[in-house]
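Quick notes on the structure that follows.
For reference, positions follow the sequence shown, starting with 1.
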Amino acid sequence: MGWKAAQKLIRHWKILRGDNVMITRGKDRGETGVIKRVIRSQNRVIVDGKNLVKKHIKQGQGHEGGIFTVEAPLHVSNVQVVDPVTGKPCKVGSRYLEDGTKVRVSRGLGASGSIIPRPEILKIRTTPRPTLAGPKDTTLDLVLEKTYDAKTGKGMPEL
């Protein structure tokens with residue numbers, strides 16, 4: 001990727017996986033759907049069941065060939081988050097509540113200013129955390145070993 005293309009990448013994403021969005025441009029204009037995948041390196045999103053295209057796939061080892069219908073990615077500027085109260089597309093802003101938590105709110109013309117909840121699918125980890133120690137992990141007894149004593153100065157390197 002060149003430096004000009006890298007400059008156009010979105011740094012602070014306001015649309016998340018699992019959001020309910022409305023398509024504002026293209027052949028599926030006006031339809032709503034849930035974001036299935038976010039491709040941040042290309043500023044694109046895949047909406048579940050929308051922007052379907054036919055794809056010709058060659059037969060290979062382990063899979064059949066043929067013509068398949070797949071979802072093509074949409075540019076992020078062609079979708080907008082749906083306001084949970086009015087059901088219309090809106091912009092997304094952020095606000096802090098009294099207790100200090102940051103929330104997403106709807107903005108723009110015709111928006112209610114209500115809180116847009118964070119999608120539940122983001123709380124589910126796609127890859128589970130490893131429970132067993134691997135060959136490159138530090139063992140627990142080495143982590144808990146005391147190597148410096150503040151009172152005696154033992155363990156301090158000679159300068």
Side-chain angles (χ1 to χ4, degrees), residues 1-138 140 143:
M1 171 188 317
W3 65 273
K4 276 205 168 182
Q7 280 182 325
K8 293 179 182 177
L9 288 180
I10 297 172
R11 288 181 178 78
H12 304 290
W13 280 75
K14 297 181 179 185
I15 295 179
L16 303 172
R17 178 172 51 104
D19 271 342
N20 192 19
V21 295
M22 182 177 282
I23 299 171
T24 58
R25 300 279 187 274
K27 62 182 181 182
D28 292 329
R29 180 187 304 139
E31 296 183 20
T32 60
V34 178
I35 290 186
K36 187 177 180 181
R37 186 171 165 220
V38 176
I39 308 168
R40 293 184 182 221
S41 62
Q42 299 174 0
N43 287 348
R44 294 184 179 272
V45 293
I46 295 177
V47 182
D48 197 21
K50 305 293 178 215
N51 199 28
L52 298 174
V53 295
K54 300 278 187 186
K55 188 152 182 124
H56 296 257
I57 297 177
K58 201 174 185 181
Q59 182 178 356
Q61 286 183 337
H63 65 83
E64 288 288 319
I67 302 171
F68 297 99
T69 305
V70 294
E71 296 132 348
L74 288 161
H75 196 269
V76 75
S77 65
N78 297 334
V79 296
Q80 277 190 321
V81 176
V82 173
D83 191 335
V85 176
T86 62
K88 293 181 179 178
C90 66
K91 295 178 182 178
V92 179
S94 61
R95 187 175 294 155
Y96 290 93
L97 298 176
E98 289 82 24
D99 60 348
T101 56
K102 188 177 182 180
V103 293
R104 300 187 307 156
V105 293
S106 60
R107 292 179 46 236
L109 292 173
S112 63
S114 62
I115 294 174
I116 300 171
R118 194 166 166 84
E120 291 291 323
I121 196 166
L122 294 177
K123 295 177 182 171
I124 303 167
R125 288 185 65 93
T126 54
T127 55
R129 290 194 174 107
T131 54
L132 298 173
K136 294 186 177 182
D137 289 335
T138 308
L140 189 60
V143 171

Review point. Can you name the nearest heavy-atom pair linking His63 to Ile57, along with the distance?
Key: CE1-CG2, 4.2 Å
Exercise for review: Indicate the atoms forming the closest heavy-atom contact of Asp19 with Pro119, along with that distance.
Suggested key: OD1-CG, 3.4 Å
For [X], give me all partners under salt bridge (charged side-chain N to carboxylate O under 4.0 Å, His left out), at least two apart in sequence or on another chain.
| X | result |
| --- | --- |
| Glu120 | Lys123 |
| Arg107 | none |
| Lys14 | none |

Throw together a table of side-chain donor-acceptor distances under 3.5 angstrom for residues 90-101, partners on residues two or more places apart or in other chains.
from: Asp99; atom 1: OD1; to: Thr101; atom 2: N; distance (Å): 3.4
from: Asp99; atom 1: OD1; to: Thr101; atom 2: OG1; distance (Å): 3.0

Review point. Is Asn20 reaching over with its side chain to a backbone N or O of Thr32, donor-acceptor style, under 3.5 angstrom?
Key: no
Exercise for review: Go through Val38 and Leu16 one step at a time and tell me if the side-chain contact (heavy atoms from CB on, under 4.5 Å) criterion holds.
Suggested key: CA-CA 7 Å; Val38 176; Leu16 303 172; over 6 Å; no
Review point. If you round to the nearest 0.5 Å, how far is CD1 of Ile10 from CD of Gln42?
Key: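 If I round to the nearest 0.5 Å, the distance is 12.0 Å.
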Review point. CG/Asn43 to NZ/Lys8 distance, rounded to the nearest 0.5 angstrom?
Key: 10.0 Å
Practice item. May I have all residue pairs that pass salt bridge (charged side-chain N to carboxylate O under 4.0 Å, His left out) and include part of residues 38-55, sequence neighbours excluded? Key: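 Output for this query lists Glu31-Lys50.
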Please set out all donor-acceptor pairs under 3.5 angstrom arising from side-chain atoms of residues 71-84, sequence neighbours excluded.
from: Glu71; atom 1: OE1; to: Lys36; atom 2: NZ; distance (Å): 2.9
from: Glu71; atom 1: OE2; to: Gly49; atom 2: N; distance (Å): 2.9
from: His75; atom 1: ND1; to: Ser77; atom 2: N; distance (Å): 3.1
from: His75; atom 1: ND1; to: Ser77; atom 2: OG; distance (Å): 2.9
from: Asp83; atom 1: OD1; to: Val85; atom 2: N; distance (Å): 3.1
from: Asp83; atom 1: OD1; to: Ser112; atom 2: OG; distance (Å): 3.1
from: Asp83; atom 1: OD1; to: Ser114; atom 2: OG; distance (Å): 3.3
from: Asp83; atom 1: OD2; to: Thr86; atom 2: OG1; distance (Å): 3.4
from: Asp83; atom 1: OD2; to: Ser106; atom 2: OG; distance (Å): 3.3
from: Asp83; atom 1: OD2; to: Ser112; atom 2: N; distance (Å): 2.9
from: Asp83; atom 1: OD2; to: Ser112; atom 2: OG; distance (Å): 3.1

